[in-house]
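Have a look at the structure below before the remarks.
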There are 2 protein chains.
Amino acid sequence: MPTHQEQEQPRRRQARGERRIAQLLEAAASVFASTGYASASTNAIAREAGVSPGTLYQFFPNKEAIAIELGQRLMADMRTAYGEALAPIDPATPLEQAVAAAVDRFIDFNCHNPVFFTLMHGPDVPGRMAEEHDALHNTLITRVENLLSPLLPDRPAAAVTRIAHVCMALYMAGLELVLASEGDDREAYVQELKDVLFRYLDPLVGDRLRDAQAVSASTAVASNATSNATSTATP
Amino acid sequence: MPTHQEQEQPRRRQARGERRIAQLLEAAASVFASTGYASASTNAIAREAGVSPGTLYQFFPNKEAIAIELGQRLMADMRTAYGEALAPIDPATPLEQAVAAAVDRFIDFNCHNPVFFTLMHGPDVPGRMAEEHDALHNTLITRVENLLSPLLPDRPAAAVTRIAHVCMALYMAGLELVLASEGDDREAYVQELKDVLFRYLDPLVGDRLRDAQAVSASTAVASNATSNATSTATP
DNA sequence: TCAGAATGCGAGCGACGACTCGTGTTTGTC
DNA sequence: GACAAACACGAGTCGTCGCTCGCATTCTGA
């Protein structure tokens with residue numbers, strides 16, 4: 001009597017199949033990003049990928065599984081892309097630079113993967129998709145908490161959590177503006193987002209890091225940042 | 001030859017009909033708020049209102065028209081509720097209080113009309129609904145611009161517009177957090193939102209208002225209603 | 001070489017939702 | 001009371017969408 005495995009055994013995929021899966025996920029990313037999850041039809045995804053509806057269901061049991069798999073791959077990409085960006089909290093670097101660096105990385109990732117924002121922000125996520133959504137959100141919240149807690153040693157945990165939620169919400173709001181604009185406007189919005197986060201957090205951090213920030217404190221108010229646009233990669 | 005009116009003439013409504021319309025709009029508000037616009041079915045709205053699907057279509061040509069009418073009534077409500085809250089920019093009151101008052105009013109309205117946020121924020125708005133959506137958004141943006149422009153006389157118009165967009169985005173983000181929480185948490189988030197907006201705007205307003213407040217600014221500005229800020233404001 | 005698995009197709013099924021239509025009831029007006 | 005218009009009903013139509021099924025084609029391993 002063989003082992004009766006009720007779960008689906010992972011059917012052996014050929015190289016062709018893996019290619020199709022990548023193709024389908026890319027198509028799904030495109031369709032999701034342009035029309036949202038709920039409005040995206042599986043037929044449209046299959047058409048975008050250049051295959052038949054039946055072929056799509058050879059690799060995914062249902063529409064939700066496509067979004068789940070896509071979300072997981074995006075999370076993996078994000079971890080490898082800048083997983084270490086949030087982890088180390090260097091108390092030596094001034095807050096303004098830390099915020100700017102974090103924002104730059106996040107924005108960069110989301111500009112290259114616009115689906116991510118759609119899946120994170122879309123309210124039209126049924127069933128198990130919502131769990132994935134929440135899990136992802138909570139992961140990010142926890143990260144921000146870990147980043148903030150050394151800077152806010154005096155606050156109760158609930159306050160730190162709340163501040164983390166506010167930071168996430170502010171970031172998502174700014175990201176929406178950034179993704180909706182282009183060119184110089186986009187860079188300007190990025191700068192505004194940095195300003196918002198920095199000015200929000202700076203008074204909370206208090207006098208702890210005040211001395212380290214003394215270098216660039218005076219330039220914060222009067223700077224007009226519309227001219228220099230060469231945002232080269234900072235080493 | 002009689003006047004061939006291709007457009008639908010407004011059929012004479014009885015009192016019963018007006019009551020039904022209000023009933024249906026209330027039901028639609030409930031269903032939209034709980035499930036979103038796209039996921040809401042007209043049958044569910046009719047059921048919520050306690051009427052048949054056919055009755056619903058006696059008063060609205062289609063699903064979109066329900067949302068349109070609902071949005072227009074909400075806008076009217078908002079205008080009467082605190083239409084004057086944004087209009088007068090009293091330069092004597094400190095920025096912090098002005099921001100707090102505006103936030104309190106907006107939050108209050110949205111807590112009593114949760115549909116408003118759904119219709120404003122939902123990405124699932126097809127066809128003509130999007131126009132209405134944009135129109136409403138632009139109206140609010142313009143209001144914020146008019147509020148800000150006297151405070152930012154030195155900035156170019158594009159910068160003021162951008163700042164207004166940022167303020168709106170920040171407000172919407174904060175509102176989402178507020179609506180998702182309850183009790184003390186909700187009040188705490190309201191306070192955070194006020195802090196965010198104030199800290200963002202305060203450095204922008206800069207030393208201009210600081211002087212004006214010390215001098216107890218001349219009330220000459222308060223009388224003009226829609227003066228399109230002639231950028232050469234003589235200090 | 002060849003059995004069997006993986007891949008691919010696309011017409012079609014079942015469910016659901018926006019909307020209609022024929023019919024009956026209530027209301028305003030003469 | 002009579003007539004028309006407004007109101008109300010709910011079973012039914014039509015289109016869409018997620019998903020299936022039978023069958024053809026390609027690949028793998030022995």
Side-chain angles (χ1 to χ4, degrees), chain A residues 2 5 8-28 30-32 34-70 122 124-130, chain B residues 5 8-28 30-32 34-70 122 124-129:
Chain A
Q5 40 192 8
E8 84 288 352
Q9 71 279 17
R11 60 191 294 178
R12 275 201 31 205
R13 309 242 86 115
Q14 301 179 352
R16 190 172 27 144
E18 297 291 350
R19 246 180 290 131
R20 275 274 177 267
I21 290 179
Q23 207 175 122
L24 284 164
L25 286 177
E26 192 177 352
S30 167
V31 177
F32 285 159
S34 64
T35 71
Y37 172 77
S39 303
S41 79
T42 56
N43 290 15
I45 294 173
R47 203 181 318 119
E48 174 84 13
V51 302
S52 85
T55 299
L56 186 151
Y57 284 92
Q58 195 87 24
F59 302 101
F60 299 99
N62 50 48
K63 178 180 171 181
E64 196 175 16
I66 304 173
I68 302 269
E69 177 68 24
L70 189 57
D124 50 357
V125 278
R128 212 175 90 66
M129 189 70 203
Chain B
Q5 41 192 7
E8 83 288 354
Q9 71 279 17
R11 61 190 295 177
R12 276 201 30 200
R13 307 244 88 115
Q14 302 179 351
R16 188 172 31 144
E18 298 290 350
R19 247 180 290 131
R20 276 273 177 270
I21 289 179
Q23 209 175 122
L24 284 164
L25 286 177
E26 192 177 351
S30 167
V31 177
F32 285 160
S34 63
T35 72
Y37 172 76
S39 303
S41 80
T42 56
N43 290 15
I45 294 173
R47 203 181 318 121
E48 175 85 12
V51 302
S52 84
T55 299
L56 186 149
Y57 284 92
Q58 196 88 27
F59 302 100
F60 299 98
N62 50 47
K63 178 179 171 181
E64 196 174 17
I66 304 174
I68 302 268
E69 179 66 25
L70 188 56
D124 50 357
V125 277
R128 212 175 90 67
M129 189 70 202

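Reminder, nothing fancy here: chain letters follow the sequence lines and each chain counts from 1.
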In whole Å, what is the span from the CD atom of A:Q58 to the C1' atom of D:dG22? 13 Å
Against A:L24, only a single residue in A:L70, A:V51, A:I66 fulfils side-chain contact (heavy atoms from CB on, under 4.5 Å); can you say which? A:V51
Nearest-Å distance for atom pair CZ/P, residues A:R20 and C:dG8: 4 Å
Assert: residue with more 5' nearest nucleotide on DNA chain C, out of A:G17 and B:R16, is A:G17
Can you tell which of C:dA6, D:dA6, D:dC7 lies closest to the side chain of A:Q14? C:dA6
Measure the distance from CD on B:E18 to P on C:dT26 and round it to the nearest whole Å. 21 Å
Rounded to the nearest 0.5 Å, what separation is found between the CD atom of B:Q23 and the CD1 atom of B:I45? 13.0 Å
Mind calculating the distance between CZ (A:F59) and C1' (C:dA5) to the nearest angstrom? 13 Å
If the cut-off is 4.0 Å, is A:R13 near the phosphate of C:dA5, judged by side-chain N/O to OP1 or OP2? no
Beyond-backbone contact of A:R13 with A:I21, side-chain heavy atoms, under 4.5 angstrom: yes
Just wondering, do A:L25 and A:F60 contact through their side chains at under 4.5 Å, heavy atoms? yes
Measure CZ/A:R47 against C1'/C:dC9 and give the value in whole Å, please. 15 Å
For the pair made of CD1 in B:I21 and P in D:dC7, what is the distance, rounded to whole Å? 8 Å
Please check if atom CD in A:E26 has more than 12 non-hydrogen atoms from other residues, nucleotides or ligands closer than 6.0 Å. no
Separation of C:dC21 atom P from B:L56 atom CG, nearest Å, is 16 Å
Tell me whether A:E64 at atom CD has more than 12 heavy atoms from other residues, nucleotides or ligands lying less than 6.0 Å away. yes
Set out, line by line, the N/O atom pairs under 3.5 Å between protein and nucleotides 16-21 of chain D.
{"from": "D:dG18", "atom 1": "OP1", "to": "A:A40", "atom 2": "O", "distance (Å)": "3.0"}
{"from": "D:dG18", "atom 1": "OP1", "to": "A:K63", "atom 2": "NZ", "distance (Å)": "3.1"}
{"from": "D:dG18", "atom 1": "OP2", "to": "A:T42", "atom 2": "N", "distance (Å)": "2.7"}
{"from": "D:dG18", "atom 1": "OP2", "to": "A:T42", "atom 2": "OG1", "distance (Å)": "3.1"}
{"from": "D:dC19", "atom 1": "OP2", "to": "A:Y57", "atom 2": "OH", "distance (Å)": "3.0"}
{"from": "D:dC19", "atom 1": "OP2", "to": "A:K63", "atom 2": "N", "distance (Å)": "2.7"}

Mapping A:S52 and B:A15 onto DNA chain C by nearest heavy atom, which one lands closer to the 5' end? A:S52
To the nearest 0.5 Å, how far apart are CZ in A:R20 and CD in A:Q58? 11.0 Å
